[in-house]
Amino acid sequence: MNALAQSGSYAREAYSHIGFTTESLKSLFTGTLSPRPGSPSLFRDFKANGYRIGVFSGQAESYGGIADIAGSRETADVFVDAERLKSERAFSFGTTGSLLLDGRKVLGAFDRAFGSAEGWRRPTFAYFNFQEAHFPYAHPDMPRLLPGKPIPRGEISPANKAWVAQTYWNAVAYDDWLVGQLVARLKRLGVWDDTLLLVTADHGESLFDDDFLGHGHVINRQQTQIPLILSRPGIAIAQPIGLADYRSLILRSLGARVPERRGPVFQHVSALGAPAAIGLVGPGPLWTTFQLETEEVAFSESGRRVRYGDLKPGSAEKARADAVIDEWNRQRWLAR
């Protein structure tokens with residue numbers, strides 16, 4: 001991924017709007033925080049323009065209604081996910097949200113479906129979802145690319161924070177290797193020079209940072225900052241950028257005339273209509289967050305926390321807090 005960033009384009013300040021997979025992927029594909037079934041989406045955009053579409057996912061894309069909202073199943077010429085290949089799952093868990101396919105099996109599905117150079121005469125949009133960096137950060141088929149053995153699931157605890165992190169970064173290294181394997185395949189097919197590859201994530205992960213493990217708990221860098229790498233150089237990216245901005249970024253990069261959003265990225269914890277917290281992250285990064293239950297506003301650069309009612313009228317802090325609330329109101333209106 002570092003090699004792709006060095007030869008292509010990247011954004012250091014890219015963020016998810018919420019720390020959950022389902023809502024993040026819906027935002028990525030539709031360009032909005034609260035899409036409905038049938039909403040415009042990248043899958044529908046490419047289908048309307050004659051593209052061949054392939055979905056190759058290590059998770060169940062029906063989970064949380066992702067496929068229905070994004071239109072991936074309805075538009076795909078080839079649709080392979082962890083539910084379709086349930087018998088090959090990495091763990092014995094059978095619930096939809098727990099299904100996971102090893103990334104090499106995801107690439108194997110790609111080889112079977114799109115491994116012929118002849119098929120690439122048609123414009124192609126392929127979506128890959130590699131799941132290795134999800135809890136418990138290791139599975140029986142995962143190779144060890146970094147030193148040390150993976151932490152057993154039953155020993156994951158704050159006391160073993162360093163071991164958890166070591167296991168997690170091996171999973172990330174494996175995902176990095178899988179991206180490299182995909183690039184090698186595209187080069188062998190002779191289509192790499194005509195390809196725009198975008199590498200990103202749905203959210204971040206706390207590894208017992210601030211006593212949290214996982215994602216979706218709080219608005220902070222660990223749980224919301226994500227990579228954004230494009231294989232093509234010279235692509236202008238307004239920063240900070242949120243997942244809901246990706247659809248327009250991709251379409252602009254391919255020649256479409258679509259507007260570009262500029263300004264802070266809105267974030268929230270839990271449902272947009274009744275969140276536990278809301279926030280904006282601006283350049284820097286600079287966070288302003290508002291806890292709805294306590295009415296407490298926090299400013300990342302100073303660490304200062306103050307009740308909204310105690311903010312001085314006309315102050316810069318009051319203006320920042322009001323900007324968070326105004327954007328929340330705007331997003332709720334859009335969701336209607």
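Fair warning: this is a prediction, and the values are worked out from it, not measured in the lab. One is the number of the first residue; the rest follow in order along the sequence.
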Might you confirm whether atom CD of E293 has over 12 heavy atoms from other residues, nucleotides or ligands at distances under 6.0 Å?
-> no
Count the heavy atoms of every other residue, nucleotide or ligand shown that sit under 6.0 Å from CZ of R262, and state whether that count exceeds 12.
-> no
Does the side chain of H215 come under 3.5 Å of the side chain of Q223 through a donor N or O and an acceptor N or O?
-> no
Output yes when a side-chain donor or acceptor of R84 lies under 3.5 Å from a complementary backbone atom of F79, and no otherwise.
-> yes
Tell me, yes or no, whether the heavy-atom count around R12 atom CZ, taken from other residues, nucleotides or ligands under 6.0 Å, exceeds 12.
-> no
Salt bridge flag under 4.0 Å for residues E317 and R320 | no
Single-linkage hydrophobic cluster, 4.5 Å side-chain cutoff, Y10 and I237 together | no
Under 3.5 Å, is there a donor-acceptor pair between the side chain of S248 and the main chain of V258?
-> no
Would one find more than 12 heavy atoms of other residues, nucleotides or ligands at under 6.0 Å from atom CZ of R305?
-> no
In this structure, are over 12 heavy atoms from other groups packed under 6.0 Å from E301 atom CD?
-> yes
Report yes if the side chains of V80 and R112 come closer than 4.5 Å at any heavy-atom pair, otherwise no.
-> no
Answer yes or no: does atom CH2 of W169 have more than 12 heavy-atom neighbours from other residues, nucleotides or ligands under 6.0 Å?
-> no
Besides L334, the hydrophobic cluster formed by Ile, Leu, Val, Met, Phe, Trp and Tyr side chains linked at under 4.5 Å, directly or via other members, contains W333
CG of L42 to OG of S72: how many Å apart, nearest 0.5 Å?
-> 11.5 Å
Tell me whether L85 is reachable from F110 by hopping between hydrophobic residues (I, L, V, M, F, W, Y) whose side-chain heavy atoms are closer than 4.5 Å.
-> yes
Check whether the ring centres of Y51 and F125 lie less than 6.0 Å apart, and answer yes or no.
-> no
Connected via hydrophobic side-chain network under 4.5 Å: W192 and M1 = yes
Roughly how far, to the nearest 0.5 Å, is CG of L228 from CD1 of I241?
-> 5.5 Å
For the pair F29 and F43, name the ring-plane relationship: parallel under 30°, tilted 30 to 60°, perpendicular over 60°.
-> tilted
Counting only N and O atoms by type, is there a donor-acceptor contact under 3.5 Å from the side chain of K47 to the main-chain atoms of E74?
-> no
Mind checking whether F135 and Y137 have parallel, tilted or perpendicular rings, split at 30° and 60°?
-> perpendicular
Does NZ or CZ of R330 fall inside the cone over F266's six-membered ring, less than 6.0 Å from its centre and within 45° of the axis?
-> no
For the hydrophobic clusters of this structure (ILVMFWY residues joined by side-chain heavy atoms under 4.5 Å, transitively), does one cluster hold both I66 and F46?
-> yes
Examine the side chains of D141 and Y174 and answer whether a donor and an acceptor come within less than 3.5 Å of each other.
-> no
When rounded to the nearest 0.5 angstrom, what distance separates CZ in F20 from NE2 in H268?
-> 9.5 Å
Ionic contact status for D111 with R104, cut-off 4.0 Å | no
Please report the C-alpha distance between T224 and Q267 in whole Å, then the side-chain angles of each, then the deciding distance to 0.1 Å, and finally whether the side chain to side chain donor-acceptor pair (under 3.5 Å) criterion is met.
-> CA-CA 9 Å; T224 66; Q267 300 179 314; 3.1 Å; yes
Smallest separation among heavy atoms of V172 and A133, with atom names = CG2-CB, 4.2 Å
Same cluster (ILVMFWY, side-chain, under 4.5 Å), F128 and L198 | no
Short side-chain to backbone donor-acceptor contact, D210 and F212, under 3.5 Å | no
What distance do D77 atom CG and T124 atom OG1 have between them, rounded to the nearest 0.5 Å?
-> 8.5 Å
Taking the six-membered ring for Trp and the full ring for Phe, Tyr or His, determine whether the centres of H203 and H134 are under 6.0 Å apart.
-> yes
